[in-house]
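Notes to accompany the following structure.
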2 protein chains.
Amino acid sequence: MSGIFSNKCEYGLRAAVYIAALKKDQFVSIRSVAEALDISFYFLTKVLQTLTQANIMNSYRGPNGGISLSRPASEIHLNEIVIALEGRRSLEGCVLGLPECGGENPCPLHNRWMDIREEINQMLGSTTLQELADQNPVKLENIIKSAG
Amino acid sequence: MSGIFSNKCEYGLRAAVYIAALKKDQFVSIRSVAEALDISFYFLTKVLQTLTQANIMNSYRGPNGGISLSRPASEIHLNEIVIALEGRRSLEGCVLGLPECGGENPCPLHNRWMDIREEINQMLGSTTLQELADQNPVKLENIIKSAG
DNA sequence: ATAATTTAAGACAAAAAAGTCTTAAATATA
DNA sequence: TATATTTAAGACTTTTTTGTCTTAAATTAT
Ligand code: FES
Ligand code: FES
């Protein structure tokens, strides 16, 4: 009933864009991100732990600790985040759920789906956090609380 | 962790294509479909009930009963099945999960996502069961058991 | 009428996803 | 050193999805 991505992944993407948009060169606390985006602090902590383990973010404990992007926002593509949180299958699997996609056994939707999947991968693989963070502030605001 | 569609929806699509491909003008039993596609009979029954309620299939009880397409396969588009099983939001919602998509409050990914969503809707809205059922038999076979 | 077949409906169970909380570890500062 | 802050890790709960089973209703055939 949900959209294309799981809640986990939606939260991870929103948080990453938000952090990139802050353009802060210190760590930002997970609590403040959770509040700004109106996401459960506990749950967001788990999501960001995953992104940290995937080398997309850095974390630091203690006062003034928090998380930060592990690289310049211009070097983090959306597909990294999606793969870390949803797994490769979400970007490579068969649209009808068959165990293998393509090769010997393409399903009846395979050709049609490949065109779309290619576009999705192209978009996610070429869009960086920087580009999203640099958008019209009006759009940016709409990942934060006031929009909900 | 799954693909773009839920299991329910994958099963519904596979079953619909399978039934269309049989080109049978009688009812086909759910049990035989479930066996051919290696899907739980009980679960498939639920899925097909939903499609029946959505006027995409007809069902009939008793000996020689079963289900059939409610219209010619050339008049059933994939988006109907997806909407019946996943809800409209899956084809219209915000990719970042915001409560509204577009209008006043587009999210940072909105423009990029709209292009893709448009393609998905275009594909699902213009592809009929007939077209999929008429494909290369090799492809068709790959929704059935032997492929799993 | 009776029995057999098949879907409908709803209860039930198991698994996965989503969300919450507690305790531990790391760090900074007083 | 002691205290406060903040993430890490893992247990735990709730909700949703997925899957199973039982009983009822409809239909056919004997
Ligand atoms: S085999 Fe189904 S999408 Fe490739
Ligand atoms: S507002 Fe997010 S995709 Fe439209």
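Naming: A, B, ... by sequence-line order, numbering from 1 per chain. Bear in mind the structure is a predicted one, so any value in this text is a computation, not a measurement.
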* Nearest to the side chain of A:Y42, which nucleotide is it out of D:dT28, C:dT22, C:dT27? -> C:dT22
* From C:dA25, C:dT7, D:dT28, nucleotide with atom closest to B:P63 side chain -> D:dT28
What does [X] touch in the nucleic acid at a heavy-atom separation under 4.0 angstrom: a base, only the sugar-phosphate, or nothing?
{"X": "A:E10", "value": "nothing"}
{"X": "B:I30", "value": "sugar-phosphate"}
{"X": "B:T45", "value": "nothing"}
{"X": "A:F27", "value": "nothing"}

Rounded to the nearest Å, what distance is computed from the [atom1] atom of residue [X] to the [atom2] atom of nucleotide [N]?
{"X": "B:F41", "N": "C:dT6", "atom1": "CZ", "atom2": "P", "answer": "9 Å"}
{"X": "A:N64", "N": "C:dA30", "atom1": "CG", "atom2": "C1'", "answer": "14 Å"}
{"X": "B:L48", "N": "C:dA9", "atom1": "CG", "atom2": "P", "answer": "13 Å"}
{"X": "A:F43", "N": "D:dT7", "atom1": "CZ", "atom2": "C1'", "answer": "17 Å"}
{"X": "B:I39", "N": "D:dT17", "atom1": "CD1", "atom2": "P", "answer": "19 Å"}
{"X": "A:R31", "N": "D:dT7", "atom1": "CZ", "atom2": "P", "answer": "8 Å"}
{"X": "B:L44", "N": "D:dT18", "atom1": "CG", "atom2": "P", "answer": "14 Å"}
{"X": "B:Q49", "N": "D:dT18", "atom1": "CD", "atom2": "C1'", "answer": "15 Å"}

* Asked: Checking B:E80 side chain against B:H77 main chain: does a donor-acceptor pair fall under 3.5 Å?
  -> yes
* Asked: In terms of hydrophobic clusters joined by side-chain contacts under 4.5 Å, are A:Y18 and A:Y42 together?
  -> yes
* Nearest-0.5 Å distance, CG of residue B:L85 to NZ of residue B:K46 -> 14.0 Å
Establish, with yes or no, whether the OP1 or OP2 oxygen of [N] is under 4.0 angstrom from a side-chain nitrogen or oxygen of [X].
{"X": "A:Y11", "N": "C:dG19", "value": "yes"}
{"X": "B:Y60", "N": "D:dT28", "value": "yes"}
{"X": "B:Q26", "N": "C:dT6", "value": "no"}
{"X": "B:S40", "N": "D:dG19", "value": "no"}

* Asked: Quick one: does B:V17's side chain get under 4.5 Å of B:L129's, heavy atoms only?
  -> yes
* To do: For B:F43, check ring pair (Phe, Tyr, Trp, His ring centres under 6.0 Å) against everything at least two apart and list the hits.
  => B:Y11
* Between A:K46 and A:G66, just flag the one whose closest nucleotide in DNA chain D comes earlier from the 5' side. => A:G66
